[in-house]
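Reading through the structure tokens given below for one structure.
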Amino acid sequence: MAFSVSSRLLHLHRVIRPAIVSHTNASRVGPQALVASRLMSSAPSYNFVTVEKRGEGDCVGLVTLNRPKALNALCDGLMKEVDQIMIEMDNDPGVAAVVLTGSEKAFAAGADIKEMQNKNFVDCYLYNFLEGWDGITKIKKPVIAAVNGYALGGGCELAMMCDIILAGEKARFGQPEIVLGTIPGAGGTQRLTRAIGKSRAMQMCITGDPITAQQAKDWGLVSSVHPPDQLVAEAVKIGERIGQHSKLIVAICKESVNNAFELSLKQGLTVEKKLFYTTFATNDRKEGMTAFVEKRKAKFSDS
Ligand code: CO8
């Protein structure tokens, strides 16, 4: 099927991204408006993050948390920007994967304690504190966290919202909320427990003591550990590798892996089988297998 760029984008938007449509103001506008705003506006500027394209064909979006004086503490403004950028990246047909990183000293030292200090229960409960801070988990494209330095509290939780975590040798992962008289509020007791097991997660959450990058690797929280100055390049390489595949099939695969966190084994296997069947409705499944048989490189069309 022949598509113009914008009609292909509309098609992808309809097919791949229904889950995002209601979760932020930006995603409430229609796909035409998203296309138009991207074409018409110059690159938006952000206060707490920088955004670049890296890798072959600029296929990897690099988002760098940039609030150095507060060690990238996660204030509401920063999280709104991250959420907005993730939607932009998801809608950008040139982007295959996103790398999220911080500085060499801090990926993020947690939610902003100064912003939280005077909140009360009503502020949190009635006005939905942290609502919308999980935008990363809602996008279809893979997000790779490249964690140097501190990933504490909300910082560790932010990394765990990503699909793959790489660590710099000096990274420290921790859930120190207990020291502040509170508990993790965005996945620290849940995603961490699924990632490293109950005993280790319990220890981290109720002692508040951080673990090293090597421990995080040994315990299965991160995929690999790298010298700090090579970390982002290693993450971009993974993004480039993902970029060689069909974006459509990558999105389906990501959805299936993520189901392992949500469903029973039986339910997960059933959904996996259905998603596997679904790939047989795509041009890219046909092209991938045909290319193998014809001993040539597949040319995917993300359709
Ligand atoms: N919030 C606000 N400001 C912070 C934070 C933070 N989490 N972390 C550091 N800062 C600020 C410091 O106040 C300081 O600012 P200033 O110069 O104005 O005093 C500046 O960053 C530098 O910090 P330090 O001087 O403390 O730097 P050190 O190198 O001595 O220490 C540490 C680094 C060990 C990281 C230390 O700063 C620290 O312990 N920070 C707090 C870590 C923490 O407790 N994090 C958990 C916060 S609670 C939380 O995250 C709840 C999660 C809710 C969900 C989030 C969803 C994504």
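Since this is a predicted model, take the numbers as computed values, not measurements. First listed ligand is number 1; within each ligand, the first listed atom is number 1.
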*Give, for atom CG of Asp229 and atom CD of Glu234, the distance between the pair rounded to the nearest 0.5 Å.*
10.5 Å
*asked:* For a quick test of reading the model, state the closest non-hydrogen atom pair linking Val98 to Val95 and the distance between them.
replied: CG2-CG1, 4.2 Å
*Without hydrogens or angle criteria, can the side chains of Gln84 and Glu88 be said to hold a donor-acceptor pair below 3.5 Å?*
yes
*Taking any residue with a non-hydrogen atom under 4.0 angstrom from an atom of ligand 1, which ones do you get?*
Lys69, Ala70, Leu71, Ala73, Leu74, Lys105, Ala109, Gly110, Ala111, Asp112, Ile113, Lys114, Met116, Leu130, Trp133, Tyr150, Leu152, Gly153, Gly154, Glu157, Pro176, Glu177, Leu180, Ala186
*Hphob cluster co-occupancy, Met204 + Val225, side-chain heavy atoms under 4.5 angstrom*: yes
*Main-chain N/O of Ala167 paired with Lys217 side-chain donor or acceptor, under 3.5 Å*: no
_Tell me if a side-chain donor or acceptor on Lys254 pairs with a main-chain N or O of Ile139 at a distance below 3.5 Å._
yes
